[in-house]
Enquirer: 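Pasting a structure below so you can have a look.
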Amino acid sequence: METWTYAQARAVKDTRPGRAVLTFRSAGPAGRGKLPLAGIGRFRYGVPLSKYLPRMASNMRLVLLGAPGSGKGTQAQRLRDQKGIPQVSSGDLLRDAVARGTDLGKRAKAAMDAGELVTDDIVLGLIRERLGRPDAAAGFILDGYPRNVAQAGALDALLSELGQPIDTVVLMNVDEKALVMRLTGRRTCPACGKVFNVYSSPSQKGDKCDNPEHGAEAPVLKQRDDDKEDVIANRLKVYNDQTAPLIEHYTARGVLKVVNADQPVDRVYADFVKVAV
Ligand code: AP5
């Protein structure tokens, strides 16, 4: 977690509970920007800002939009690790259901193997259950949901029920030519979910996960079944046909921010934090 000191806080505007806005400058990937200090009570001068970070993350409700391989999962995991906001990935929820052999997983598998979208009702059920868990009450990063205009409508209805409207939708924008190499090179840890790339960000331990939490028993990295070239081609087509229209949808709502995701991961993250936080 990035730690900020009081000296790096340039101004706290209006210190009343629930109103405070911190203007910060940080040497780390967060860069500079503004953070709402909602939910922390009165801001106390002289207290290290790192003490407030988990609560500062509150009320951040983000949607990540972007083509397969654009880096949604990579950036969501980083923001989760740095700010303590849960990542809610519809793809991960579906893969977990498939791996556990649940009824829902069995119904979803064929569509996933073909690179098609799983039916809206199945995915909405998973998202509803996940957003209902206590850790999501203070904010979340939705990664991979919604995926079409009907899902965007269902999400609005669900979030209005929960009293948690979307703050920002971030589009990870990448030239399609870069995506096939990213996807064929992706490897994922089956235990902790860490994402690698054999070309751009390989594991320090070769074909095993280098997350220190595994100790000597590091799991062997896996390639996703749908990261094969013929399935990738269909996933990109499905994105262009069904998901890309959401760009216009959220632009019209005035909540869309675009990040150039065709840069090294650290630079994408710095730009992402600037628009999302
Ligand atoms: P899902 O798991 O959501 O897949 P996706 O949207 O196709 O996105 P990916 O996970 O492939 O890519 P990503 O953008 O997260 O990229 P990542 O960070 O991993 O969905 C899978 C399937 O589930 C769907 O096809 C569908 O069947 C079903 N599904 C899911 N949600 C659904 C929904 N809402 N409705 C219906 N069906 C649904 O990065 C990729 C690789 O690139 C990695 O190796 C990474 O290390 C590398 N990389 C990342 N950033 C960079 C960078 N800046 N430079 C170089 N390499 C990079």
Side-chain angles (χ1 to χ4, degrees), residues 63-80 87-99 104-105 107-128 130 141-155 158 170-189 193-203 221-228 231-244 246 259-272:
V63 167
L64 291 192
L65 205 59
S70 57
K72 303 180 296 295
T74 302
Q75 299 300 332
Q77 286 184 0
R78 229 180 231 218
L79 194 63
R80 174 200 65 193
Q87 172 202 17
V88 176
S89 155
S90 49
D92 286 349
L93 292 171
L94 285 162
R95 278 183 289 278
D96 178 61
V98 171
L104 200 144
R107 285 165 59 203
K109 188 171 183 324
M112 293 176 76
D113 286 348
E116 296 291 333
L117 293 186
V118 174
T119 55
D120 294 345
D121 61 321
I122 291 182
V123 189
L124 179 62
L126 287 169
I127 293 289
R128 175 183 285 280
R130 181 63 188 86
I141 310 162
L142 269 175
D143 161 10
Y145 190 88
R147 239 7 191 248
N148 58 31
V149 174
Q151 290 185 7
L155 179 64
L158 173 61
V170 178
L171 171 67
M172 294 290 163
N173 202 22
V174 183
D175 191 306
E176 202 167 302
K177 284 187 220 125
L179 297 175
V180 175
M181 196 165 175
R182 284 195 189 183
L183 290 167
T184 52
R186 171 166 51 192
R187 301 292 181 273
T188 310
C189 174
K194 188 170 173 186
V195 178
F196 298 89
N197 194 285
V198 295
Y199 307 114
S200 57
S201 52
S203 165
L221 301 176
K222 297 263 189 251
Q223 183 169 26
R224 265 171 48 175
D225 289 341
D226 59 353
D227 277 347
K228 305 203 172 84
V231 186
I232 290 171
N234 196 39
R235 285 164 63 201
L236 292 172
K237 180 177 183 312
V238 168
Y239 173 79
N240 287 322
D241 292 349
Q242 300 190 45
T243 310
L246 290 177
V259 166
N260 174 10
D262 218 343
Q263 325 176 68
V265 171
D266 289 350
R267 290 190 36 201
V268 176
Y269 185 69
D271 289 354
F272 174 37

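Both ligands and their constituent atoms are indexed starting at 1 by order of listing.
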Enquirer: Just to confirm my output: which protein heavy-atom neighbour is closest to atom 32 (C) of ligand 1, and how far is it?
Expert: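 Among all protein heavy atoms, the one nearest atom 32 (C) of ligand 1 is S90 OG, 3.6 Å.
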Enquirer: For ligand 1, is there an N or O atom under 3.5 Å from any N or O atom of V118?
Expert: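 For ligand 1, there is an N or O atom that lies under 3.5 Å from one belonging to V118.
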Enquirer: To the nearest 0.1 Å, how far is atom 53 (N) of ligand 1 from its closest protein heavy atom, and which atom is that?
Expert: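 Its nearest protein heavy-atom neighbour is Q263 O, 2.8 Å.
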Enquirer: Can N148 and D120 be counted as having a side-chain donor-acceptor contact under 3.5 angstrom?
Expert: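 Present: a donor and an acceptor within the cut-off.
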Enquirer: Which of the numbered atoms in ligand 1 are below 4.0 angstrom from a heavy atom of A67?
Expert: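 Contacts of ligand 1 toward A67, numbered from 1: 14 (O).
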Enquirer: Give yes if a backbone or side-chain nitrogen or oxygen of R187 is under 3.5 Å from a nitrogen or oxygen of ligand 1, and no if not.
Expert: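 No, since none of the N or O atoms of R187 sits under 3.5 Å from an N or O of ligand 1.
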Enquirer: So which heavy atom in the protein is nearest atom 27 (O) of ligand 1, and how far is it from that ligand atom?
Expert: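 Its nearest protein heavy-atom neighbour is E116 O, 2.6 Å.
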Enquirer: Just go through G73, G144, P68 and tell me whose heavy atom is the nearest to atom 15 (O) of ligand 1.
Expert: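 That would be G73.
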Enquirer: Show, in sequence, the C-alpha distance, side-chain angles and deciding distance for Y145 and V88, and conclude whether the side chain to side chain contact (heavy atoms under 4.5 Å, CB included) test is met.
Expert: CA-CA 9 Å; Y145 190 88; V88 176; over 6 Å; no
Enquirer: In chain order, what residues pass the salt bridge (Lys or Arg N to Asp or Glu O under 4.0 Å) check against R235, with sequence neighbours excluded?
Expert: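 Salt bridge (Lys or Arg N to Asp or Glu O under 4.0 Å) check on R235 returns D226, D227.
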Enquirer: Have Q75 and D143 got a donor and an acceptor in their side chains that come within less than 3.5 Å?
Expert: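 Q75 vs D143: no donor-acceptor pair found between side chains.
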Enquirer: Which bit of S200 gets closer than 4.0 Å to ligand 1, counting heavy atoms only: side chain, backbone, both or neither?
Expert: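 For S200, the contact with ligand 1 is made by the side chain alone.
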Enquirer: For ligand 1, is any non-hydrogen atom under 4.0 Å from S201's backbone (N, CA, C, O), its side chain (CB onward), both, or neither?
Expert: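 Answer for S201: side chain.
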Enquirer: Please indicate whether any nitrogen or oxygen in Q75 is less than 3.5 Å from any nitrogen or oxygen in ligand 1.
Expert: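 No: no nitrogen or oxygen of Q75 is under 3.5 Å from one in ligand 1.
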Enquirer: Is R187 close enough and on-axis enough to F196, meaning under 6.0 Å and within 45°, for cation-pi?
Expert: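 No.
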Enquirer: Does an N or O from Q151, backbone or side chain, lie closer than 3.5 Å to an N or O of ligand 1?
Expert: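 Such a contact does occur with ligand 1.
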